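Quick caveat: nothing in here was measured; it's all calculated off a predicted structure.
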Amino acid sequence: MLTDDGKHLYVSWDEYHLLIERLALKVHASGWAFDQILCLARGGLRPGDVLSRVFDKPLAIMSTSSYRAEAGTVQGRLDIAKTITMPKGELAGRVLLVDDLADSGVTLKAVVELLRAKPEISELRSAVIWTKSVSVFKPDYQVEYLETSPWIHQPFEDYDAMRPDDLKRKLSY
């Protein structure tokens, strides 16, 4: 639910899963046949996992990080892992890059530039749930374009500030 002032978007688990399914259908409707999925951890892990299952394609993971301060609400220096984790082989052929959103677009732009320099990748396309209007990167596939560039409150963010003792209290152990 987008707040009246357009500054915050609150997403429930049900909405989140529905948006991932809509993303899968957008990719499918394009008719593009890809060989592998590369998701950006952490935000792209859940969408990447679902798309990997729906399309029955291998899932690779690249860890990136820039939102670490203030329980994941303040963007800092962008870190991109030197290696890509995958069950076997190497990232090659037609690759679908998946993340949750194009926020500032800095991460996606940097990763795409890095991947396009790899000769073993013949084609690269990107897919996200949300694209903010302030993003410097425009993905190939998106579910929602957010004109007001709100802060997105995703359902798993409660865990950013939660620690084991908090879980214990929550679950009344």
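- A salt bridge does not link R46 to D49: none of the charged side-chain nitrogens sits closer than 4.0 Å to a carboxylate oxygen.
- Between the CG atom in L96 and the CG atom in L59 there is a gap of 10.5 Å [rounded to 0.5 Å].
- Taking 4.5 Å as the limit, every side-chain heavy atom of I61 sits out of range of all side-chain heavy atoms of I84.
- Judged by distance alone, the side chains of S12 and D14 never bring a donor and an acceptor atom under 3.5 Å apart.
- Note: H17 and W13 have parallel aromatic rings, judged against thresholds of 30 and 60 degrees for the angle between ring planes.
- Taking each heavy atom of V128 and L23 in turn, the nearest pair found is O-CD1, 3.3 Å.
- G48 and V98 get closest at one heavy-atom pair: N-CG1, 3.7 Å.
- Taken from CG in L40 to CG in L108, the straight-line distance is 6.0 Å, to the nearest 0.5 Å.
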Which is it for L101 and I152 under the side chain to side chain contact (heavy atoms under 4.5 Å, CB included) test, yes or no, and what are the steps along the way?
CA-CA 9 Å; L101 73 146; I152 302 169; 3.8 Å; yes
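- Contact record, F137 with T131: O-CG2, 4.3 Å, taken as the closest heavy-atom pair.
- Rounding to the nearest 0.5 Å places CD1 of I129 at 6.0 Å from CG of L19.
- Counted within 6.0 Å of CZ on F156, heavy atoms from surrounding residues, nucleotides or ligands total more than 12; the atom is thus considered enclosed.
- With S126 contributing its side chain and D140 its backbone, the two residues share a donor-acceptor pair below 3.5 Å.
- Taking the six-membered ring where tryptophan is involved, the planes of F55 and H28 are tilted, since the angle between them lies from 30° to 60°.
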Go through I20 and L25 one step at a time and tell me if the side chain to side chain contact (heavy atoms under 4.5 Å, CB included) criterion holds.
CA-CA 9 Å; I20 294 171; L25 288 175; over 6 Å; no
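- Other residues, nucleotides and ligands place more than 12 heavy atoms under 6.0 Å from the CG atom of D5.
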Could you check D166 against R163 for salt bridge (charged side-chain N to carboxylate O under 4.0 Å, His left out), going step by step and ending with a plain yes or no?
CA-CA 5 Å; D166 300 318; R163 299 300 169 254; over 6 Å; no
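- Judged purely by distance below 3.5 Å, without hydrogens or angles, the side chains of S30 and Y141 pair a donor atom with an acceptor atom.
- Once rounded to the nearest 0.5 Å, the distance linking CG of D160 with CZ of R42 reads 5.5 Å.
- Between C39 and D99, the closest side-chain pair of non-hydrogen atoms is not below 4.5 Å.
- With 3.5 Å as the limit, one finds no donor-acceptor pair spanning the side chains of T64 and T107.
- Within the cation-pi definition used here (under 6.0 Å to the ring centroid, within 45° of the axis), R125 does not qualify as a partner of F34.
- Using a cut-off of 4.0 Å between Lys/Arg side-chain N and Asp/Glu carboxylate O, D165 and K170 are scored as not salt-bridged.
- Between the K132 side chain and the T148 main chain, no donor and acceptor come within less than 3.5 Å of each other.
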Between M62 and V111, does a side chain to side chain contact (heavy atoms under 4.5 Å, CB included) hold up when you go through it step by step?
CA-CA 9 Å; M62 174 185 270; V111 170; 3.9 Å; yes
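- Of all heavy-atom pairs between E90 and E120, the closest is OE1-CG, 4.1 Å.
- Heavy-atom minimum distance, V106 versus V136: N-CG2, 4.0 Å.
- Taking CG from L114 and NZ from K109, the interatomic distance works out to 14.0 Å, rounded to the nearest 0.5 Å.
- Listed here is the closest heavy atom pair of G6 and P150: O-CB, 3.3 Å.
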Check the pair H8, L2 against side chain to side chain contact (heavy atoms under 4.5 Å, CB included), reporting the backbone distance first and the verdict last.
CA-CA 6 Å; H8 296 270; L2 188 63; over 6 Å; no
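- Looking only at side-chain heavy atoms (C-beta outward), L124 and R116 come within less than 4.5 Å of each other.
- Counting non-hydrogen atoms of other residues, nucleotides and ligands closer than 6.0 Å to NZ of K138 gives a total above 12.
- Within the model, atoms CD of Q36 and CE of M86 stand 4.0 Å from one another, a figure rounded to the nearest 0.5 Å.
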